[in-house]
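Right, one structure below, let's go through it.
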Amino acid sequence: MTKPARVRVAPSPTGDPHVGTAYMALFNKAMADTTGGKFVLRIEDTDRARYVADSEAQIFEALAWLSLNPDEGPEGHGGPGGPFGPYRQSERLPLYKEAADRLVKEGKAYRCFCTSDRLDTLRKIQQAEKSKFIGYDGLCRGLSKEDVAANIAAGKPHVVRLKLRQDNEIQTSDLFRGQINFIGAEQQDPVLLKTDLFPTYHLAMAVDDHAMGITHVIRAEEWIPSLPIHFELYRAFGWDAPVFAHMPLLRNKDKSKISKRKNPTSLLWYRDAGFLPEALKNFLGLMGFSLPNDQEFFSYAEFLQHFELTKVNIGGPIFDLQKLHWLNGEYIRKLSDAELEARLVEYVQHLMHREREFADLPEDQLPQETFLRDFEQKRRRWSRTLGGLAPELMTSFEVNPALLKPIMPLIRERLHTLCEAADYLPMFFTNRFEYTREMFVPKKQTPEGAVAALKAARDIITAADFNDPTLKEQLDNEFRTKAEAMGQKIGPFLGPLRVALTGSTVSPPLVESAMVLGKEETLHRVENALKFLG
RNA sequence: GGCCCCGUCAUCUAACGGUUAGGAUACUGCCCUUUCAAGGCAGCGAUACGGGUUCGAAUCCCGUCGGGGUCACCA
């Protein structure tokens, strides 16, 4: 067993909680839990321009939904607090200022008075000249003490930049990839402290990770290019650097970094779409990691039993919603009737109380990839259906808590996501169907045959005793016998009855559904249909 | 474009330097079937390419190609 690791996930509250945050949270938490360490949540709210007020609360909620709660983190929203707080960077501003000042005093950083305009122009010129080096030219490095003092006296705004070594190789390392070297001269002096006295990511990360005793920085691969900054920062401060481990980036189907346009990225979306948190977590655990013996299903506890950070596969995995869809179906099938019912009730309540359609892109911005687009369109339709059904369902449910129980076995194996219940649930709560004549006439069936079959079915149901324990077998047999007598196949024979009872050509098993509806309601629906067919 | 990372079926992945390169999703076919599912069986399908090292390479080395990330007073 290795030493207890202190790890963290550090999202910035700039929008919907991101699936990548959950991915990092999972592996960080696993690292903490397998070493007896601590998993810290730090809110990186240093960009006041992109700050979104309720984002932090949603991050908490999303992590809680996935049971990826931090051991330490900001207080509020049920956050745990902890001995290394505050855990919001906006509440730690003096620390960064102090750290930056220290580096300036020691000559390891300097004040830069260059304007954004100058920087933009500089960059444009470099790009126009096809310069290999694109970035800050270090103009203010050479400013004398007097110049700096004069500029400050004149009230010129400034930033603090780290004086990066420009001569030799900057050696960095990554747990998975080993040593990674960068040429100092190819790096630009990064901004540490912004004009508004907020730190940039680099400064805040180094100061906080050091102050919070972080031992392993497990973060996304996109940070590798800033490794020289981070190593040089630690060196400038004279601190030991933590172990850096850069996880592969989750990808879109086209292998680019996962993005909202091409894939759902919001955890709220996954919840809205009816994915189970344990399925999503399992799926995320499959990204870049595998358990022995081809084990694909695992609880978090099982994940921990086999988790080893060094076993991570660093090839960037494509986030395949289709496989998640399958996996989620497997998880749903494992739920007991009572559990599935509870999940559905919770889910429907969630839909009912939510204030907006989360992650709702305009139609023309839906993902191009067929499966994703179809899935999102269905999701919206399902969502609307269930949303509309919700008040009625919840009321009936409160009146009769046993209501859903008999339905669960009929729909469980038909669901991949909870929202797909919209295909099967409404028929048990309403008989106002919008069917068409065509729906009553399946393939290998005629309009006359359909009416005849429906009437025959009505007679059989009328004669049936719904209290008889062998009702199902009886109805099965009688339908079959009658169909045969009428020269019809059982499928086309029952088609019209299916539409009459369920309002759809697709439904849970018919006889069982009729039994849930009861004799009176079943006959009522058949009569309605016959009336409709004239 | 510079720098950096990565490269096993379409996708997620397995394989002490020795396997007919395994499993799963998806897809296809058959079976089951009262629609839709679920389930069962089967099929399709990969070591990017070229050089080395080695008795032997998916595995080690080099090159090429391909993909990705990054080049902000965003994280």
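Lettering follows sequence order; numbering is per chain, from 1.
- The two residues Leu404(A) and Glu341(A) have their closest heavy-atom pair at CB-CG, 3.7 Å.
- Going from atom CZ of Arg123(A) over to atom C1' of C74(B) covers 13 Å, rounded to whole Å.
- Base engagement by Ser116(A) is indicated by at least one non-hydrogen atom pair under 4.0 Å involving a base atom.
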Quick one: which protein N/O atoms are closer than 3.5 Å to N/O atoms of nucleotides 8-12 of chain B? Pair and distance per line, please.
{"unit_1": "U11(B)", "atom_1": "OP1", "unit_2": "Lys255(A)", "atom_2": "NZ", "d": "3.4"}
{"unit_1": "U11(B)", "atom_1": "O2'", "unit_2": "Asp320(A)", "atom_2": "OD2", "d": "3.4"}
{"unit_1": "C12(B)", "atom_1": "OP1", "unit_2": "Ile318(A)", "atom_2": "N", "d": "2.8"}
{"unit_1": "C12(B)", "atom_1": "O2'", "unit_2": "Leu286(A)", "atom_2": "O", "d": "3.2"}
{"unit_1": "C12(B)", "atom_1": "O2", "unit_2": "Lys323(A)", "atom_2": "NZ", "d": "3.3"}

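- The base of U34(B) has none of its N or O atoms less than 3.5 Å from a complementary donor or acceptor on the side chain of Arg480(A).
- In this structure, Glu330(A) atom CD and A24(B) atom P are separated by 12 Å, rounded to whole Å.
- One interatomic measurement links the two molecules: CG of Leu327(A) to C1' of G23(B), which rounds to 15 Å at whole-angstrom precision.
- Distance from the side chain of Arg50(A) is smallest to A75(B) among G23(B), A37(B), A75(B).
- For Arg414(A) against C36(B), a side-chain N or O and a base N or O form a donor-acceptor pair under 3.5 Å.
- You'll find a donor-acceptor pair under 3.5 Å spanning the side chain of Thr195(A) and the base of C73(B), going by distance alone.
- The side-chain heavy atoms of Phe479(A) and Leu510(A), taken from C-beta on, include no pair separated by under 4.5 Å.
- The base-pairing partner of U54(B), taking Watson-Crick or G-U wobble contacts with both distances under 3.5 Å, does not exist among the strands shown.
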